[in-house]
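Here the structure is a predicted model, which means the values were calculated and not measured. Counting begins at 1 with the first residue of the sequence. Both counts, for ligands and for their atoms, begin at 1 and track the order of listing.
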Amino acid sequence: MEKQPRLLASQLLLKNSLFEVSLNRVLLTWKEIATKKKRVSGGIHHPFKVAGPRSAAAALAWIASLCRVNWMAHNLASEFFFMSWLTFFITSHGTSHGVSVSEILAVRELDVDCGTKDDGRWQKMPQKSTEAYPYAFTVSYVERAWQHRWRCSDVTFHCLEGALCQQWVQTIREQLTALTSRPKHLLVYINPYGGKQQGERIYEQKVAPLFTLASISTHVIVTEHANHARDHLRTEAELKKYDGVVCVGGDGMFSEMVHGLVSRTQRDNGVDQNSPEEKLVPCTLRIGIIPAGSTDCICYATVGINDPVTSALHIIVGDAQPMDVCSVHHNNTFLRYSVSLLGYGFYGDMLADSERKRWMGPARYDFSGFKTFLTHHYYEGTVSFLPATDILGTPRDKTRCRAGCFICQHNGQLYSEDAPEICETDPDVSDSEYKGGWRVIRGKFLAINAASMSCACPRSPKGLSPAAHLADGTTDLILVRKCSRFNFLRHLLRHTSKYDQFDMTFVEVHRVRRFRFTPRYCQSDSELDLRENGKRLFSQICRDHPACSCSPAYSSWNCDGEILPHAAIEVGVHCQLIKLFVRGIEEQPVFEDLPSPCVV
Ligand SMILES: CCCCCCCCCCCCC/C=C/[C@@H](O)[C@H](COP(=O)(O)O)NC(=O)CCCCCCCCCCCCCCC
Ligand SMILES: Nc1ncnc2c1ncn2[C@@H]1O[C@H](COP(=O)(O)OP(=O)(O)O)[C@@H](O)[C@H]1O
Ligand SMILES: [Ca+2]
């Protein structure tokens, strides 16, 4: 059934005119071609996947001989076909290849005699094609590769008539211009010190050539100090000139962009950020992330991979994904926004320690994580939260937030018949109570984490809260109570396997709209002084009595990789406050579940 229209189309085409094509795969993708047999790439099948020549030169000759491709489309007036897809057939093997117009990156005419150097690499036509078909154009398009990676692929079409060639180029350009969601002008900030300090190199070598190919103009700023990008965005940047902003760096750099853009938007709209109850105005400009940091969990959890080329291609095709942002206040004073992790206890202590070891690069987190694990401090306090009861789904269900997520499309405003009713007495939780819809839990905690998205990252591909949603207006509050080191290790290890990290007696998780935390001792205006004195006092006591197993009174909050100055905070989720140049993680037919090494 499916083959019939294609067959008809090909007959039509042969009658008219059109192209004989040689599929001119670029050398760059050769490595992938050789291993393609193992991969599934979104239903695209190539004839050259079974066996391959050894050297690159042999590969080119082999591809050229193998891939005699007929370009089959109907006449240009027949817009129906063109509206969404370009389809070409690889006649030697009878397979077809369709490319959505929305995933075409660029089209350029080729000077058949001397090739083209539009994108920085020469493409020489095979001699035979040059003689027989003196005109050609190249279409660059997105090809799906292994594990959510996207790559830029080229296909070159040859033809007999110059006018026809131009007509095709013109038509494809018109189609691309009609895609209004694509950015044309971008403001780019590069953190040269993020991650392994490769930001500038990554941008120049991997991203800038793709932006040039897609005719995107950029204004690039290499930051000179922390908060440079935030302050520039908040005050100076002429945002009207741009269709989006891009950061090259890690989660900290992304956080700077969020603070700059959100603050600017609130100021322009007369909204007071200091009021915790205030409804914030969403930002219109989209943010792109080129991952070049240490954790890059926002990129990983929204794209599925930390890969600069993939992220650049998502920016070029103009993807858009709304995201929730948490605002953090202390005593009616705005502190910070958070998009990924707000963590007190384990992640706060780990971050505070790791900041002193920046020279270690991304490995500082493993080192400080290990050290913090050994110190095994717990903290006493009260967590109160407003459960999100009017939603479908729970933090423990098996659904995952993926591209086009149904729950996020409805702003999380779905009513579930199974949603638990709030009852005044909960026999399961003896140390919790309800006050006006708020639930209050007192206890001793190793960690208090709020994940407003999954926080998936290479260290934990499913993340801190695997079922969290990017844009549902809720955050998953994870409470890890005091337990043995062994049990805490079991909990941590489960972040790296398929086993449920919440299925442990000392762990609970709640999907909430707001929450507050108050440490047991304090909180007064002189909290900061107390904290400093307290820390000094405890460290003195512990130095004097090394066997002492007491915990300090306070930890710090890790807010997307930044330390907050207060332990007592109030947090509210702002549904879909920002937009990213991504589409969410695309479903893949294979490789979705990583094999788990063991369960403990
Ligand atoms: C035993 C292995 C345990 C692995 C547990 C992994 C849990 C990982 C959850 C990660 C959540 C990440 C949330 C994102 C936070 C970022 O915003 C933020 C800033 O990122 P940036 O530097 O790119 O700007 N990053 C972070 O705060 C770093 C989080 C990294 C956590 C690593 C924790 C490693 C723990 C190792 C414990 C080892 C115990 C071994 C005992 C034998
Ligand atoms: N030019 C700069 N010099 C020093 N710090 C910077 C600079 N630009 C940005 N920063 C800060 O560096 C911190 C870490 O940046 P980030 O890109 O997230 O890297 P990482 O993932 O390694 O932490 C952020 O807090 C950011 O504000
Ligand atoms: Ca959320």
Which ligand 1 atoms are under 4.0 Å away from a heavy-atom of Leu341? 13 (C)

Ring-ring centroid check Tyr337 His259, cutoff 6.0 Å: yes

In this structure, atom 26 (C) of ligand 2 is nearest to the protein heavy atom Glu256 OE2, 3.1 Å

Is any side-chain heavy atom of Leu280 closer than 4.5 Å to a side-chain heavy atom of Gln266? yes

Per-atom contacts, ligand 1 versus Gly252 - under 4.0 Å to a heavy atom: 24 (O)

Taking the inter-plane angle between the rings of Phe406 and His410 on a 0 to 90° scale, is it parallel (under 30°), tilted (30 to 60°) or perpendicular (over 60°)? tilted

Run the side chain to side chain contact (heavy atoms under 4.5 Å, CB included) check on Arg514 and Trp438 step by step: do they pass? CA-CA 9 Å; Arg514 305 187 71 81; Trp438 284 70; 3.8 Å; yes

Could you find the nearest protein heavy atom to atom 1 (C) of ligand 1 and give me its residue, atom name and distance? Leu493 CD2, 3.7 Å

Glu355 and Arg358 ion-paired at < 4.0 Å: yes

Shortest-distance N/O/S atom, His469 versus the Ca ion (ligand 3): O

Please state which option from Ala451, Gly369, Ser497, Gly250 has its nearest heavy atom closest to atom 35 (C) of ligand 1. Gly369

In the protein, which heavy atom is nearest to atom 29 (C) of ligand 1, and how far is it? Met350 CE, 3.9 Å

Taking backbone and side chain together, does Ser452 place any N/O/S atom at a distance below 3.0 Å from the Ca ion (ligand 3)? yes

Under a 4.0 angstrom heavy-atom cut-off, which atoms of ligand 1 come close to Gly561? 17 (O), 18 (C), 19 (C)

Under a heavy-atom criterion of less than 4.0 Å, does His225 contact ligand 2? yes

Just by modelled atom types, is the Asp560 backbone N or O under 3.5 Å from a matching donor or acceptor in the Asp251 side chain? no

Measure the distances from the heavy atoms of Arg358 to every atom of ligand 2 and state whether one is below 4.0 angstrom. yes

Could you tell me whether any N, O or S atom belonging to Thr475 is less than 3.0 Å from the Ca ion (ligand 3)? no

Which of the numbered atoms in ligand 2 are under 4.0 angstrom from any heavy atom belonging to Gly249? 17 (O)

Output the atom name for the N/O/S atom of Asp324 with the smallest distance to the Ca ion (ligand 3). OD2

So if I count the atoms of ligand 2 from 1 in the order they appear, which ones are less than 4.0 Å from some heavy atom of Tyr193? 1 (N), 2 (C), 3 (N), 4 (C)

Evaluate the ring planes of Phe488 and Phe346, with Trp represented by its six-membered ring, and classify them as parallel (under 30°), tilted (30 to 60°) or perpendicular (over 60°). perpendicular

Atom indices of ligand 2 within 4.0 angstrom of Glu562 heavy atoms, with elements: 24 (C), 25 (O)

Taking heavy atoms and a distance under 4.0 Å, where does Ile298 meet ligand 1: side chain, backbone, both or neither? neither

Ring geometry between Tyr344 and Trp557 (parallel below 30°, tilted from 30 to 60°, perpendicular above 60°): tilted

Within ligand 2, which atoms have a heavy atom of Gly195 less than 4.0 Å away? 19 (O), 20 (P), 22 (O)

Arg201 pairs by side chain to side chain donor-acceptor pair (under 3.5 Å) with which of Gln198, Gln197, Glu204? Gln198

Applying a 4.0 Å heavy-atom criterion (strictly less than), which segment of Arg364 is in contact with ligand 2: side chain, backbone, both, or neither? side chain

Which ligand 2 atoms are under 4.0 Å away from a heavy-atom of Met253? 9 (C), 16 (P), 17 (O), 18 (O)

Relative to atom 10 (N) of ligand 2, which among Asn191, Asp251, Thr295 owns the nearest non-hydrogen atom? Asn191

Please determine whether a side-chain nitrogen of the Lys or Arg among Asp366 and Arg459 lies less than 4.0 Å from a carboxylate oxygen of the Asp or Glu. yes

Are Ser368 and Met360 close enough that some pair of their side-chain heavy atoms sits under 4.5 Å apart? no

I'd like to know whether ligand 1 has Arg364 as a neighbour, heavy-atom separation below 4.0 Å. yes

Distance under 4.0 Å to a non-hydrogen atom of Asp296: what atoms of ligand 1 satisfy this? 23 (O)

Would a distance-only check, ignoring hydrogens and angles, find a side-chain to backbone donor-acceptor pair under 3.5 Å from Arg485 to Leu374? yes

Heavy-atom distance to atom 17 (O) of ligand 2: which of Gly293, Cys297, Gly250, Gly194 wins? Gly250

Any non-hydrogen atom of Gly561 lying under 4.0 Å from ligand 2? no

Test Cys559 against every option in Val571, Leu351, Val339, Leu564 by the side chain to side chain contact (heavy atoms under 4.5 Å, CB included) rule and name the one that passes. Leu564

For Asp472, the N, O or S atom at the shortest distance from the Ca ion (ligand 3) is OD1

Identify the closest protein heavy atom to atom 5 (C) of ligand 1: which residue and atom is it, and at what distance? Leu492 O, 3.8 Å

Any side-chain to backbone donor/acceptor pair from Thr375 onto Thr372? Under 3.5 Å, distance only. yes

Atom 10 (C) of ligand 1: closest protein heavy atom, distance to 0.1 Å, is Cys457 SG, 3.8 Å

For atom 40 (C) of ligand 1, what is the closest protein heavy atom, and at what distance to 0.1 Å? Phe370 CD1, 3.7 Å

For ligand 1, which part of Ser340 has a heavy atom less than 4.0 Å away: the side chain, the backbone, both, or neither? side chain

Provide the number and element of each atom of ligand 2 under 4.0 Å from a heavy atom of Thr223. 1 (N), 2 (C), 7 (C), 8 (N), 9 (C)

Any non-hydrogen side-chain atom of Met257 less than 4.5 Å from a side-chain atom of Ile578? no

Sub-4.0 Å atoms of ligand 1 with respect to non-hydrogen atoms of Leu489: 41 (C)

So for atom NZ, which belongs to Lys196, do other residues, nucleotides or ligands contribute more than 12 heavy atoms lying within a distance under 6.0 Å? no

Where is the nearest protein heavy atom to atom 34 (C) of ligand 1: which residue, which atom, and how far? Tyr365 O, 4.1 Å

Minimum side-chain heavy-atom gap Val383-Phe445 below 4.5 Å: yes

Between Asn558 and ligand 1, which residue portion shows a heavy-atom distance shorter than 4.0 Å: side chain, backbone, both, or neither? side chain

With heavy-atom distances below 4.0 Å as the criterion, list the atoms of ligand 2 near Gly252. 18 (O)

Answer with yes or no after comparing the ring centroid distance for His510 and Phe515 against a 6.0 Å cut-off, counting only values under it. no

Check whether the side chains of His574 and Ser327 place a donor and an acceptor atom closer than 3.5 Å, and report yes or no. yes

Counting non-hydrogen protein atoms only, what is the nearest one to atom 31 (C) of ligand 1? Give residue, atom name and distance. Tyr347 CE2, 3.9 Å

Does a donor on one side chain sit under 3.5 Å from an acceptor on the other, for Thr399 and Asp397? yes

Nearest-neighbour protein heavy atom for atom 32 (C) of ligand 1, which is reported as residue plus atom name and distance: Arg459 CD, 3.6 Å

Could you say whether the N/O atoms of Ser460 and ligand 1 ever approach to under 3.5 Å? no

Main-chain N/O of Arg481 paired with Glu508 side-chain donor or acceptor, under 3.5 Å: no

